[in-house]
Amino acid sequence: MTDYRFDDIERRWQERWAAGRTFEVTEDPARPKYYCLEMLPYPSGDIHVGHVRNYCITDVIARYKRMRGFNVLHPIGWDALGLPAENAAIKRGVHPEKWTRDNIAGMKRQLLRLGFSYPWSREIASCDPEYYHWNQWFFLRMLERGIAYRKKAPVNWCPSCQTVLANEQAEGGECWRCHSKVEEREMDQWFLRITAYQDELVDDMAQLPQWPERVLQQQRNWVGRSHGAEVDFPVEGGEPLRIFTTRIDTIFGATFMVVAPEHPRVEEFVRGSSDEGKTREAIQRLRGQDRRARQAGQVEKEGVFTGRSATNPFSRERIPIWVGNFVLTGYGTGAIMAVPGHDERDFEFARKYGLPIRVVIQPKDRALDPAEMEAAYDGPGRTVNSGAFDGLDGGEASRRMTADAEKRGIGRGAVTYRLKDWLISRQRYWGTPIPVVYCEKDGIVGVPDDQLPVELPKDAPFTGEGGNPLEKVPTFVQAVCPRCGGPARRETDTMDTFVDSSWYFYRYLSPHRAEGPFDPTAVRYWFPIDLYVGGIEHAILHLVYSRFWTKMMRDLGLVTFDEPVTRLFPQGMVHKGGEVMSKSRGNTVAPDDMIKAYGADTLRLYILSVAPPEDALEWNDQNVAGVHRFLHRVWGLLDRHAATIAGETRSPVPAELSPVARSLRRKVHQTIRRITDDVEERLKLNTAVSALIELEHAIADAEGALAETKERPVFREALETLVLLLSPFAPHVGEEMWERLGRRFSVVDRPWPVADAGMAREDELELAVQVNGKVRGRITVPAQAAEDDVRRKALGDPKVEEHTRGKEIVKVVVVPGRLVSVVVR
RNA sequence: GCUGGUGUAGCCCAAUUGGCAGAGGCAGCCGACUUAAAAUCGGCAAAGUCUGGGUCCGAAUCCCAGCACCAGCACCA
């Protein structure tokens with residue numbers, strides 16, 4: 001037998017694919033299309049196991065769909081701008097561009113070595129000026145429409161990355177990249193008005209039935225839409241104070257108000273009160289509390305009475321206005337009506353400061369007594385102590401009270417959102433320059449389209465001494481105002497790299513197009529993306545931005561649909577030793593080592609077989625040996641017979657078959673059906689691999705009986721089918737075996753086998769017979785036996801009779817193809 | 001704290017969605033090959049499904065209560 005020299009085999013076919021441009025595709029209206037997308041990698045230097053898992057899944061699907069007759073687009077590129085390149089420049093004196101290009105070259109080599117079916121002519125890198133040109137072009141279109149704008153706002157500053165971050169990138173008060181604690185700073189920054197699409201982002205989820213609910217849930221939480229009402233509370237000696245509430249039905253229970261320490265009217269309320277000085281001091285202290293901790297509710301509730309009072313516009317009661325650290329600016333109006341009887345936070349605050357608690361919602365089953373209550377009641381019930389509104393359920397009370405407030409001109413239904421506009425400016429070099437200049441005369445002026453791209457200067461100094469390197473390049477900063485021709489200062493902020501990834505999947509369609517970001521005809525053919533596979537960690541960053549970007553492009557008239565991705569499939573993480581595999585934990589596995597030891601086909605097969613693609617994968621070096629042995633056995637099997645099969649005329653499978661042949665054929669067709677089901681809808685690639693192994697076992701078992709007989713056509717069919725079914729998973733072995741079977745290059749264009757239902761059907765079945773739940777006998781019946789015959793045979797079985805003799809048969813359940821259950825008394 | 005997911009041989013995972021708990025792999029044991037070892041090949045053994053209740057002829061699967069782990073959300077008024 002010849003050795004399984006995976007290294008030689010894999011390289012040979014990789015070269016052949018490259019030379020034959022096997023995976024290049026163009027639009028072909030005659031064939032159905034399939035756009036199979038994976039998340040493009042950041043060129044950090046190494047492909048890691050998480051990438052491999054992602055790309056193995058998409059590669060199997062891409063190859064499978066191609067065999068099913070689809071015109072498949074399965075592209076790859078590089079998310080090539082971003083901080084690590086610049087940090088490397090500071091640390092090691094390598095230019096970010098060189099660092100990035102070198103990393104891309106190395107990682108590309110790794111991807112090629114894994115045999116992924118990419119159309120490399122479509123490769124893109126976001127650091128190419130020909131790519132970020134279009135970031136700038138989009139930015140200018142958004143600037144024209146007020147979607148991009150500049151404003152001063154409190155923003156998240158990462159002291160370690162020396163730049164501001166978007167809200168999404170500073171969750172929990174930590175920088176998403178380096179986990180430093182972010183600081184709040186008041187700065188002039190560029191924003192994209194994603195909030196213009198906040199309703200669509202939620203409502204269009206109805207168009208995404210093939211997205212996992214947990215991702216949609218996360219996005220829904222992030223947008224944080226909440227329906228309620230705004231109500232103005234009259235303030236003694238001042239303008240009314242506006243609050244937002246989702247529980248206007250409890251307004252009669254509002255016994256005090258609370259404003260955030262930063263509320264603009266705090267000073268007005270405090271001025272002239274009896275304890276002015278002390279109050280101010282207390283408020284100052286509340287302001288000094290850590291804002292993040294306050295938001296997260298990790299700080300004990302504290303407050304102070306401002307000295308001023310307001311009137312509850314429904315109960316007409318005089319109620320005090322407090323300042324409290326649990327009320328936040330930037331959500332609602334920064335002021336609340338406090339209903340301690342029915343809101344946990346208000347209850348806690350009221351108990352602490354001895355403020356009155358009133359019950360205005362009465363549950364069905366018990367009576368609430370404010371003096372006895374240990375917690376707020378926020379369940380359902382009917383309104384009480386609510387004047388003309390008594391006796392209503394919550395929904396009805398809210399509707400009527402809102403209508404009443406509206407009629408009196410003191411309130412209205414209102415919707416609030418948690419989502420903030422997307423802060424996209426970064427004070428760093430290695431990003432897309434924001435294409436505007438500041439002119440003394442004309443203010444902010446966009447760079448004209450014909451002057452794009454604004455390219456990054458090559459000679460910026462990377463000292464690491466604070467400040468954006470771009471500011472230190474006079475030839476970059478000094479500009480001419482496109483409008484008046486006078487001197488202007490060029491913007492030195494660059495764009496968030498999430499801008500690049502928000503639309504890269506459109507650029508794959510026309511990667512070098514100079515007239516626009518993409519060819520609309522190609523978009524009409526290829527979009528939407530049929531399958532998008534990637535890490536779940538992008539659920540609210542990249543995937544929200546991408547949805548926004550498509551909607552924005554739609555409003556520019558560039559596309560005609562609302563959503564770019566039909567089916568999203570988040571793959572599971574890779575763990576080792578029970579922990580997420582990551583550089584920082586030092587538990588990573590290098591794909592290169594695996595390839596060297598076992599080959600790419602083994603690595604691919606292993607990573608797919610060990611767990612369902614959506615589950616966490618627990619890495620275990622020893623398990624790799626298992627699939628490697630499987631490939632060895634396949635190799636041996638083919639090695640023994642390929643030459644014979646290749647050398648003879650292909651005769652048809654005989655109609656009359658021996659039991660062994662019949663059984664092998666059945667297994668072949670059952671396997672086709674199983675793997676097709678597993679791959680097609682459920683993406684259960686792990687069980688598909690198991691089915692391949694089973695088929696190999698079955699073929700090996702029949703080898704002695706069939707290989708050298710006139711029934712060899714059955715054996716040949718089995719081997720050919722095994723190769724075809726295996727080829728999307730282990731494509732190099734697939735090609736090699738296909739060739740050795742005497743068939744033409746390439747297996748990637750062979751039609752996927754079709755299961756013959758008749759062939760797959762069992763002739764006879766063994767059924768268990770249960771008596772009172774215990775298996776007492778077994779009967780063999782023809783597969784299509786009538787229920788009555790099965791029943792008769794089951795009851796006639798001697799072992800069964802032993803247990804039914806002399807007893808009354810109460811019931812006989814026949815489950816066709818499964819078992820018979822007899823109940824006796 | 002809330003929501004969702006998961007819990008099956010020593011380990012990773014299956015079980016046609018209520019029908020005989022086992023497809024596949026790892027590890028283990030036995031054997032073949034080998035001077036020997038590794039690699040390779042063949043075979044064997046192993047859990048009654050996290051716990052406790054319930055429904056049913058029949059439950060890993062459905063229901064109730066709890067436990068463990070994972071993920072997301074969490075003063076958002």
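Naming: A, B, ... by sequence-line order, numbering from 1 per chain.
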Which part of the nucleic acid, if any, lies within contact of [X], taking any heavy atom under 4.0 Å across all strands shown: a base, the sugar-phosphate backbone alone, or nothing?
X	answer
A/Ser226	sugar-phosphate
A/Ala616	sugar-phosphate
A/Val812	nothing
A/Gln622	sugar-phosphate
A/Val813	base
A/Leu819	base
A/Val327	base
A/Arg633	sugar-phosphate
A/Glu766	base
A/Thr246	sugar-phosphate

* **Polar side-chain contact A/Arg818-B/U16 base: donor and acceptor under 3.5 Å** =>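 Yes, a donor-acceptor pair under 3.5 Å.
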* **hbond_proxy A/Lys301 side chain to B/C75 base (donor-acceptor, 3.5 Å cutoff)** =>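 Yes.
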* To do: Indicate the ring-plane relationship of A/His628 and A/Tyr4, choosing parallel, tilted or perpendicular according to the 30° and 60° boundaries.
  =>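 Judged by the thresholds at 30° and 60°, the geometry between A/His628 and A/Tyr4 is tilted.
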* Asked: For the residue pair A/His342 and A/Tyr377, does the interplanar ring angle fall in the parallel (under 30°), tilted (30 to 60°) or perpendicular (over 60°) class?
  ->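 Correct class here is perpendicular.
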* Asked: Rounded to the nearest 0.5 Å, what separation is found between the CG atom of A/Asn54 and the CE atom of A/Met39?
  ->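 The CG atom of A/Asn54 sits 7.5 Å away from the CE atom of A/Met39.
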Could you tell me how far apart [X] ([atom1]) and [N] ([atom2]) are, to the nearest whole angstrom?
X	N	atom1	atom2	value
A/Phe244	B/C75	CZ	P	16 Å
A/Ile319	B/A77	CD1	P	19 Å
A/Lys684	B/A15	NZ	C1'	11 Å
A/Asp615	B/A14	CG	P	6 Å
A/Asp378	B/C75	CG	C1'	13 Å
A/Arg825	B/C57	CZ	P	11 Å
A/Leu685	B/C12	CG	P	21 Å
A/Met573	B/U6	CE	P	17 Å

Identity of whatever pairs with [N] - Watson-Crick or G-U, under 3.5 angstrom:
N	answer
B/G19	B/C57
B/A74	none
B/C33	none
B/G10	B/C26

For [N] versus [M], give the span between their [atom1] atoms, rounded off to a whole number of Å.
N	M	atom1	value
B/C67	B/G53	C1'	15 Å
B/G7	B/G48	C1'	15 Å
B/G25	B/G43	P	10 Å
B/U8	B/A21	C1'	8 Å
B/G42	B/G5	C1'	41 Å
B/C12	B/U6	C1'	15 Å
B/U49	B/U3	C1'	26 Å
B/G66	B/G1	P	12 Å

* For B/U17, decide between syn and anti, treating a glycosidic angle within 90° of 0 as syn. =>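 For B/U17, whose glycosidic angle is within 90° of 0, the conformation is syn.
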* Asked: Would B/G48 be called syn or anti, given that syn covers angles within 90° of 0?
  ->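 You should classify B/G48 as syn.
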Between [options], spot the one nearest the side chain of [X], thanks.
X	options	result
A/Ser821	B/A14, B/C13, B/C57	B/C57
A/Glu618	B/C57, B/C73, B/C12	B/C12
A/Gln218	B/G72, B/G24, B/C12	B/G72
A/His632	B/C13, B/U16, B/C41	B/C41
A/Asn221	B/G25, B/G72, B/A15	B/G72
A/Ser690	B/C26, B/G24, B/C20	B/G24
A/Arg629	B/A27, B/C20, B/U16	B/A27
A/Ile336	B/A77, B/A14, B/G25	B/A77

* Would you say the ring centroid of A/Tyr606 lies under 6.0 angstrom from that of A/Trp619? ->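 Distance test on ring centres: under 6.0 Å, yes.
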* Could you walk me through whether A/Phe349 and A/Phe326 pass the ring pair (Phe, Tyr, Trp, His ring centres under 6.0 Å) test, one step at a time? => CA-CA 9 Å; A/Phe349 196 81; A/Phe326 69 103; 5.2 Å; yes
* Please name the pair of heavy atoms, one in A/Ile319 and one in A/Ala254, separated by the smallest distance, quoted to 0.1 Å. =>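 Distance-wise, the nearest heavy atoms are CG2-O, 3.7 Å.
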* Please name the pair of heavy atoms, one in A/Ala338 and one in A/Val258, separated by the smallest distance, quoted to 0.1 Å. =>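 Residues A/Ala338 and A/Val258, closest heavy atoms: CB-CG2, 4.2 Å.
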* To do: Please check the phosphate of B/C75 (OP1 and OP2 only) for any side-chain N or O of A/Asn325 closer than 4.0 Å.
  =>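 No, because none of the side-chain N or O atoms of A/Asn325 sits under 4.0 Å from OP1 or OP2 of B/C75.
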* Ignoring backbone atoms, test whether A/His697 places a side-chain nitrogen or oxygen under 4.0 Å from the OP1 or OP2 oxygen of B/G25. =>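 Looking at the OP1 and OP2 atoms of B/G25, one of them is under 4.0 Å from a side-chain N or O of A/His697.
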* Modelled atom types, side-chain donor and acceptor of A/Thr416 and A/Tyr331, under 3.5 Å ->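 A donor-acceptor contact under 3.5 Å links the two side chains.
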* To do: Could you go through the side-chain hydrogen bond (donor to acceptor under 3.5 Å, both in side chains) check for A/His542 and A/Glu537 one step at a time?
  => CA-CA 9 Å; A/His542 164 58; A/Glu537 66 274 17; over 6 Å; no
* Asked: Nearest nucleotide by nearest heavy atom, which residue falls closer to the 5' end of RNA chain B, A/Val822 or A/Thr687?
  ->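 Its nucleotide being nearer the 5' end, the pick is A/Thr687.
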* Relative to the 5' end of RNA chain B, which residue comes earlier, A/Lys667 or A/Tyr417, by the nucleotide with the nearest heavy atom? ->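 By nearest-heavy-atom nucleotide position, the 5'-most residue is A/Lys667.
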